[in-house]
Structures are given as C-alpha cells and as structure tokens.
Amino acid sequence: MRLLYAFLVLLPLSNGLSPHCPGRCSCDSAQLVQCYRLMEVPSGIPSTTKKLYISHSKIQHLQLSHFIRVLALEDFILLASGTESVESDTFKAMSTLKTLELWKNKLRRVPGALPASLEVLNLNDNSINVLHGSDFEGLKKLKILELKNNLISSLSPSTLSPLVSLQSLMLDSNNVESVAGPLTLPHLKHMSMENNKLYLIPDNFFNSLQSLQFLSFSGNFLTKMPTNLPKSLLSLKMERNQLKVVSFRDTKHLENLSHLYLSENLLSSIDGAQLLANLTTLELSQNRLQTLPLRLPARLQKLDCSNNLIQRVTAQDFQDLRDLKHLFLDNNIVSWFEAGALQRCSQLSNLALEQNLLLSIPLRLPGTLARLDLKGNAIADIAERELRDLKQLQVLNLRNNKISALDLKALEGLPRLRHLYLDGNPWNCTCSLLRAREVLKAKGTDVRGGQCAAPAEQQGESWMSSKKIMRQCEHHLRLTEKSKETKKKSKPEDPSSVRISLDDDYDDYEID
Ligand SMILES: *[C@@H]1O[C@H](CO)[C@@H](O)[C@H](O)[C@H]1NC(C)=O
Ligand SMILES: *[C@@H]1O[C@H](CO)[C@@H](O)[C@H](O)[C@H]1NC(C)=O
Ligand SMILES: *[C@@H]1O[C@H](CO)[C@@H](O)[C@H](O)[C@H]1NC(C)=O
C-alpha cells in the first residue's frame with residue numbers, strides 16, 4: 001500500500017520533468033539523472049545523460065546490458081545500493097567516463113576493464129580484499145583513487161604502476177600489513193594509509209614519489225620514522241603509532257615540511273627538531289616527554305605538548321619562537337614556570353596550562369594573550385602584577401583551583417575580558433567578594449562564579465547570584481560610594497541571566 005502510494009507520488013513528478021525520465025528518477029536539463037530506491041538500473045535513461053546518480057537502492061549485480069544506451073556517461077555514482085558484483089567489461093565501452101564512484105556497497109574486487117578516460121575512482125566502504133595486477137591497467141589518466149575502509153592486506157608497487165597520473169591515493173582503514181617499494185607514482189601528492197597494520201616501511205618505498213606533499217601513516221604499528229622521505233613533503237602524520245625516539249637528523253632534507261603530527265606515540269625524547277626550518281605546526285600530545293624538546297624550530301606557530309610529563313617551562317625552551325601563536329602544555333605536571341619564559345613569543349594568543357601543578361599564575365606572560373587556561377591547578381590567589389600586562393585577554397579560566405578571594409585591582413586591569421571561569425574554588429563569600437561581583441557585572445564580563453565554601457552560613461550559596469548574601473552585604477555596599485554607582489549602571493539585576501549557560505561545555509568558548 002505504502003509502495004503504491006510512493007509510486008503514485010513519484011510518477012507525476014518524474015514525468016512532469018521530462019517525457020523520457022524513468023520512474024523514481026529525476027532528470028534535469030543538464031543531462032543529470034538522479035534515482036533512489038531502485039531494484040535495477042532503469043532501462044529508460046535518456047541516451048544523452050552525462051551524469052547518473054543512484055543511491056539507496058538494491059542493485060546486487062551491475063551488468064553491461066544496463067548501460068547500452070548511456071555510453072556517453074561522464075560520471076556514474078552508485079552508492080549505498082548493496083552492489084556485490086560488476087560484470088566484466090561493463091564500463092569498458094564508456095570512452096567518456098571520468099568519474100566512477102561505487103562507494104558503500106559490497107564489492108569484493110575492483111571492477112574489471114575500466115575505461116582509459118577515468119580520472120576519479122572511488123571504491124570506499126566496500127569489501128575488497130585483494131588488489132590484482134590487472135585492476136588498474138591502462139588507467140593513465142586516473143588522478144584520484146580512493147579505497148578507504150576495505151579489507152586490503154597488502155600493496156604491491158606493480159599493481160599501482162600503471163597509474164602514471166595519480167595524484168591522490170587513499171587507503172585508510174584497511175588491513176595493510178606490508179608494503180613493498182619503490183612505489184613509482186611520479187605525480188602523487190596525497191597519500192594516506194591511516195588505520196592499517198603497518199609495522200615497517202621499506203627504505204626504498206619513497207624512491208619514486210618525488211611529488212609527494214601530504215603523507216599520513218597515523219594509526220599503524222610503526223616503531224620508527226620512515227627513512228628516505230621525499231623532499232617535497234609539506235605535511236607528515238604519524239599519530240597513534242609506537243614511536244619511541246625521533247631524531248630529525250634523518251629528516252633534515254625536508255626543507256618544506258610545515259606540519260608534523262606525532263601525537264599518541266611513546267616518545268620520551270625529540271632530537272634535532274630545529275633542523276626542520278620551515279615547520280609551523282608540531283603536535284606531540286600524549287607522549288612521554290619529561291622536558292620540552294631541546295631546540296625547537298624557529299618558525300613554529302603551533303606547539304602541542306599536552307598530555308606529557310613535563311615539569312618545567314623555562315625561557316630557554318622558547319627563546320627563538322617569535323612566531324608562536326598557540327601553545328598547549330595542559331595535562332602535564334608543570335610546577336615550575338620561569339617568570340617571563342614566553343616574553344619572546346610576541347605573537348602568542350592562546351596558552352593552555354590547565355591540569356598542571358602550578359601554585360600561582362606565571363609572571364610576565366606576553367601581553368598578546370587572548371586566552372589563558374589555568375583550570376585545575378593549585379593556584380591560591382590572583383595578584384595584580386600577574387595579570388596587569390594582559391590587555392588583550394578575553395578568556396581567563398581559573399576553574400578548580402584554590403582561590404578564596406578576588407583582588408579587584410587584578411581584574412580591573414583586564415579591559416577586554418569577556419569570559420571568566422571561577423567556579424570550583426573555595427570562595428570565602430565576604431562582602432568584598434560581593435563588591436568584586438558588582439564590578440565584574442558592570443564590566444559585562446560573563447562570569448561563572450561557583451559556590452561559597454565559607455563562611456559557614458553561606459556554604460553552597462552561588463555567590464554571583466545569591467540574594468541572601470546580597471541582602472547581608474547591602475549595608476556594606478551602600479557605604480561604598482563607588483560600588484553604589486556601579487550598581488545603578490549594572491541594572492536590571494536578573495539572577496537567571498547569570499546562570500544561563502552554567503552547564504555549557506566550557507572548553508568550547510570562542511574568541512573573536
Ligand atoms: C619547496 O617549496 C618551494 C616553494 O614552494 C618550491 O619552489 C621548492 O621546489 C620546494 N622544494 C622541494 C624539494 O619540493
Ligand atoms: C624553507 O626554508 C628555506 C630556507 O630555510 C627557504 O629557502 C624555502 O623557501 C622555505 N620553503 C618554504 C615553503 O617556506
Ligand atoms: C574569610 O574572610 C574573612 C574576612 O577577611 C576572614 O576573617 C576569614 O578568616 C576568612 N575565612 C576563611 C575560611 O578563609
């Protein structure tokens with residue numbers, strides 16, 4: 001019944017668009033035909049069709065006879081249609097076919113006899129377990145080959161060698177355990193083999209990949225950096241492997257390398273990173289570093305050393321990093337932060353120091369900081385001299401520390417402060433804390449205050465919104481001429497507005 005209804009709805013629609021458009025399809029003037037929920041490739045597709053898109057259908061087998069009328073096809077996309085097999089020679093005669101996408105099906109092998117005109121072949125999300133010697137024969141124009149999320153277990157250079165124009169090869173999420181070299185793909189720019197089972201890359205693997213710029217081996221079992229990496233590399237991803245030591249003496253020829261990702265390995269030391277002269281991003285999160293890398297590349301803009309075992313931050317670590325904008329040192333065991341350690345980093349805007357063992361806010365931080373995260377340390381008070389240079393600061397996170405009182409002067413010196421996180425501290429809710437509250441409200445800063453720990457009668461009260469404390473301090477506040485004025489300006493008082501987003505994910509605040 002439902003089927004019939006759908007049929008009746010679709011019928012006038014498709015016929016209305018074009019007299020020759022098959023059912024469950026829509027045909028437009030640009031020779032594009034799109035079909036859904038088919039049981040087979042329709043026979044009535046106009047012979048002028050250039051692009052045929054079929055999805056969410058049930059077409060177990062593709063055969064030559066389906067396509068006799070549409071030999072001028074340029075793009076054929078068949079996705080999520082349960083296709084298991086393709087008759088050999090099905091695409092052979094389509095001499096204009098440029099894009100063939102058969103993703104999210106159940107194919108067990110690469111379709112045979114593909115036309116030489118093909119430029120894009122996407123077979124992601126199938127069940128292909130072997131690449132055969134003849135699979136890519138004659139595909140001299142193929143630029144993009146995507147085989148992500150299949151079951152391929154090995155890769156031999158001769159299989160891919162016909163692909164003389166190939167620029168992008170994606171083999172992520174297969175079962176590749178071994179690769180042999182040299183891979184001869186002179187125009188290859190992007191290669192990704194993330195989430196496979198590689199434990200070794202042979203020395204000669206890259207010998208004939210002289211155009212390679214983006215390479216990813218993240219999510220494998222590699223214990224060493226590959227050797228003989230191509231000089232042309234711009235980005236190298238080696239996250240989630242088992243690297244223990246990296247010496248950049250072997251990679252100093254990578255003069256253009258700008259992005260290097262080494263997070264989630266077992267690194268306890270990094271040697272010679274300064275040799276990568278053009279590196280701008282270095283990610284070393286979730287390793288076992290006990291110190292910052294000895295000498296860092298001078299052009300670095302982003303350094304992520306979070307989730308390591310770093311104890312000390314010194315000026316020497318950062319003396320040459322004038323371009324550094326983002327520094328992540330959170331989730332370490334930093335207890336000693338040298339005063340002025342980051343003074344030379346005159347571009348620094350984002351400093352993450354949360355979840356460390358700091359007892360106070362580091363002194364002489366760069367005045368360019370827009371965001372400072374000190375959540376989860378052991379900071380007991382805020383002093384004016386620690387914050388007075390931070391004229392650009394917009395976000396200050398002091399959540400979960402040991403602060404009980406606020407120095408008003410320290411906060412008045414932060415003209416651009418928009419978000420202040422103070423909850424999770426043992427607040428002593430005196431009337432002077434309430435004065436600080438009025439000043440912050442007048443400034444328009446969005447404050448998460450948290451609860452009082454003292455005095456006993458205020459315990460558990462939320463000090464940014466409590467009317468009870470307000471009443472008790474009213475007399476006190478009235479005595480202070482200044483705060484009286486501020487109070488007027490900051491009306492209307494509405495406790496609910498303060499609470500608006502108390503439960504938000506506080507890690508995702510934005511900075512203009
Ligand atoms: C490095 O980059 C420059 C500028 O883009 C380019 O001219 C040069 O050929 C590159 N070097 C290598 C080895 O690819
Ligand atoms: C990399 O650095 C070298 C000199 O150190 C320079 O000649 C080259 O142009 C740089 N490449 C890029 C892409 O910046
Ligand atoms: C809270 O502040 C008051 C006034 O400064 C002080 O007397 C008291 O000892 C403080 N309480 C705690 C628990 O620090």
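The first residue in the sequence is number 1, and the count goes up from there. Numbering of ligands and ligand atoms starts at 1, following listing order.
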Near [X], which atoms of ligand 1 are under 4.0 Å from a heavy atom of that residue?
{"X": "S232", "answer": "14 (O)"}
{"X": "N256", "answer": "1 (C), 2 (O), 3 (C), 8 (C), 10 (C), 11 (N), 12 (C), 14 (O)"}
{"X": "E255", "answer": "11 (N)"}
{"X": "K231", "answer": "13 (C)"}

Would you give me the side-chain donor-acceptor pairs under 3.5 Å for residues 331-342, sequence neighbours excluded?
unit_1 : atom_1 : unit_2 : atom_2 : d
N332   : OD1    : N308   : N      : 3.1
N332   : OD1    : L309   : N      : 3.2
N332   : OD1    : I310   : N      : 3.0
N332   : ND2    : C305   : O      : 3.0
N332   : ND2    : L329   : O      : 3.0
N332   : ND2    : D330   : O      : 3.2
E338   : OE1    : A315   : N      : 3.0

Please report, to 0.1 Å, the donor-acceptor pairs under 3.5 Å made by any side chain of residues 164-171, with sequence neighbours excluded.
unit_1 : atom_1 : unit_2 : atom_2 : d
S165   : OG     : K140   : O      : 2.6

(message) Can you see whether Q392 engages R416 through a side-chain donor-acceptor pair at a distance of less than 3.5 angstrom?
(response) yes
(message) Between N149 and D125, is there a side-chain donor-acceptor contact under 3.5 Å, judged purely by atom types and distance?
(response) yes
(request) Hey, could you give me each pair passing salt bridge (charged side-chain N to carboxylate O under 4.0 Å, His left out) that has a residue in residues 227-250? Not counting sequence neighbours. (result) R249-D271
(request) Determine whether more than 12 heavy atoms belonging to other residues, nucleotides or ligands lie under 6.0 Å from atom NZ of K391. (result) yes
(message) Using side-chain contact (heavy atoms from CB on, under 4.5 Å), reason through D373 and L351 one step at a time and then give a plain yes or no.
(response) CA-CA 6 Å; D373 198 333; L351 175 57; over 6 Å; no
(request) Fit a plane to each ring of F217 and F205, take the angle between them on a 0 to 90° scale, and name the class: parallel (under 30°), tilted (30 to 60°) or perpendicular (over 60°). (result) tilted
Tabulating one pair per line, provide the atom names and distances (0.1 Å) for every N/O atom of ligand 3 that is less than 3.5 Å from a protein N/O atom.
unit_1   : atom_1 : unit_2 : atom_2 : d
ligand 3 : 2 (O)  : N428   : ND2    : 2.3
ligand 3 : 11 (N) : N428   : ND2    : 2.9
ligand 3 : 14 (O) : N428   : ND2    : 3.4

